[in-house]
Amino acid sequence: MGFKKLFAALFGVSIALVALSACDTGDGSDSSATGGGAGITAEQGFKNTVATTPNCPYGEGYVFGGWYSDAALTKRVTVNSDFSKVKAIYPKWLEIPRPISDVNVRSETVKITDSGREKQRMDVLYLSDHYDVQGLYIAGYTRLKITFTFDVREIDDGYQYVFFYSDDKCNANSIVTDILGVVGIDNDDSFLYGHKFEHGSGKKDISWKTHTFTAELSMKDLKKDLYIRYGASGKYEDDWQNRNVMINYEALK
């Protein structure tokens with residue numbers, strides 16, 4: 001018996017259409033996962049693949065965020081999925097993402113030392129409060145623009161670092177720098193971006209000043225949230241402090 005006949009015999013015509021919930025954006029978040037339209041058979045989904053975009057039941061203002069095998073939209077379907085276990089697939093719809101401004105990540109003062117970035121304070125930007133990054137990547141958003149602002153002062157003269165990771169792991173390998181101060185780390189799949197700067201411009205500066213930098217991250221490399229670590233380096237002691245960490249972010253195509 002061929003695959004098509006076997007599939008039809010197992011699941012029947014009844015799974016061809018599956019009614020989903022009404023067009024409701026749920027919790028009102030900027031990228032809430034909501035089902036809409038009708039599920040189609042897994043066989044159809046297999047032939048169409050995840051590249052096929054269904055008609056949006058909501059009208060303008062939404063983007064297609066991929067296929068899922070459950071009405072709750074928690075189990076993503078790809079061309080590598082085991083379709084023998086999938087009875088129907090459902091489209092996920094995401095509101096077109098708007099820029100998110102002035103997210104207060106942390107206010108209190110933290111001391112950073114050169115004992116290793118894995119031993120320093122870790123902050124978290126909860127992207128998932130507003131964005132479904134994997135769904136937005138499917139929808140064609142390839143980059144996440146981050147504007148990072150915080151207050152800095154030196155305890156000792158040295159260089160200061162900010163690192164972005166896709167998870168809470170931190171593989172402390174060697175740091176590679178270029179003349180622009182951008183840093184990279186070898187052999188760490190979760191590392192996304194690094195920023196190096198010198199608060200005192202060659203001498204210790206104990207005064208508080210505001211620093212801002214911008215980075216663009218690959219949406220493909222993000223998992224859910226953004227993890228932030230800090231580092232220090234210099235000839236001798238090179239401790240520093242930071243506070244009032246604020247972030248703006250925006251999904252870009």
Side-chain angles (χ1 to χ4, degrees), residues 1-100 126-145 166-167 189-190 192 217-226 249-253:
M1 182 181 293
F3 173 77
K4 293 181 180 179
K5 293 183 179 179
L6 177 61
F7 188 93
L10 289 174
F11 298 110
V13 179
S14 62
I15 65 170
L17 295 176
V18 179
L20 299 185
S21 60
C23 298
D24 177 14
T25 54
D27 60 9
S29 62
D30 300 295
S31 286
S32 52
T34 56
I40 65 175
T41 67
E43 183 181 8
Q44 289 173 309
F46 180 76
K47 290 192 298 183
N48 293 338
T49 77
V50 293
T52 300
T53 303
N55 294 325
C56 178
Y58 301 109
E60 295 183 0
Y62 290 82
V63 291
F64 174 59
W67 292 111
Y68 287 76
S69 63
D70 61 321
L73 306 177
T74 61
K75 301 174 182 178
R76 185 180 161 200
V77 176
T78 72
V79 293
N80 297 319
S81 297
D82 181 359
F83 281 88
S84 66
K85 299 179 180 179
V86 177
K87 294 185 177 181
I89 58 176
Y90 306 81
K92 173 185 278 191
W93 296 101
L94 307 172
E95 291 186 24
I96 292 177
R98 63 178 176 83
I100 307 298
Y126 292 100
L127 298 170
S128 53
D129 285 348
H130 299 282
Y131 285 180
D132 175 344
V133 294
Q134 293 187 356
L136 289 177
Y137 175 70
I138 294 172
Y141 290 85
T142 60
R143 294 165 293 146
L144 183 72
K145 182 179 179 181
S166 63
D167 59 33
D189 292 338
S190 67
L192 300 171
L217 311 179
S218 170
M219 196 74 81
K220 181 179 181 181
D221 296 332
L222 293 165
K223 297 177 182 177
K224 184 178 180 182
D225 298 311
L226 186 67
Y249 60 96
E250 179 180 5
L252 303 175
K253 287 192 173 182

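- Counting all heavy atoms, side chain and backbone alike, L136 lies closest to A251 at CD1-CB, 4.3 Å.
- In this structure, W67 has its ring center no closer than 6.0 Å to that of Y90.
- Residues passing the ring-ring contact (aromatic ring centres under 6.0 Å, His included) test with Y141: none are found, sequence neighbours excluded.
- For the pair L192 and L222, the tightest heavy-atom approach, listed with the atom from each and the gap, is CD1-CD2, 3.6 Å.
- Contact record, Y68 with K92: OH-NZ, 3.2 Å, taken as the closest heavy-atom pair.
- When atom types are taken as modelled, the side chain of Y131 and the backbone of Y126 share no donor-acceptor pair closer than 3.5 angstrom.
- The side-chain contact (heavy atoms from CB on, under 4.5 Å) test applied to K75 returns S69, D70, not counting sequence neighbours.
- Taking every heavy atom of both residues into account, V133 and K223 meet most closely at CG2-O, 3.6 Å.
- For K224, there are no side-chain hydrogen bond (donor to acceptor under 3.5 Å, both in side chains) partners, not counting sequence neighbours.
- For M219 against R143, the heavy-atom pair with the smallest separation is CE-O, 3.4 Å.
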**OP:** Would you please test L226 and L144 for side-chain contact (heavy atoms from CB on, under 4.5 Å) and show each step?
**Re:** CA-CA 11 Å; L226 186 67; L144 183 72; 5.6 Å; no
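- Applying the side-chain hydrogen bond (donor to acceptor under 3.5 Å, both in side chains) criterion to Y249, with sequence neighbours excluded, gives no partner residue.
- Judged as a side-chain contact (heavy atoms from CB on, under 4.5 Å), and not counting sequence neighbours, the contacts of S218 are K220, D221.
- Taking each heavy atom of S190 and D167 in turn, the nearest pair found is CB-OD1, 3.2 Å.
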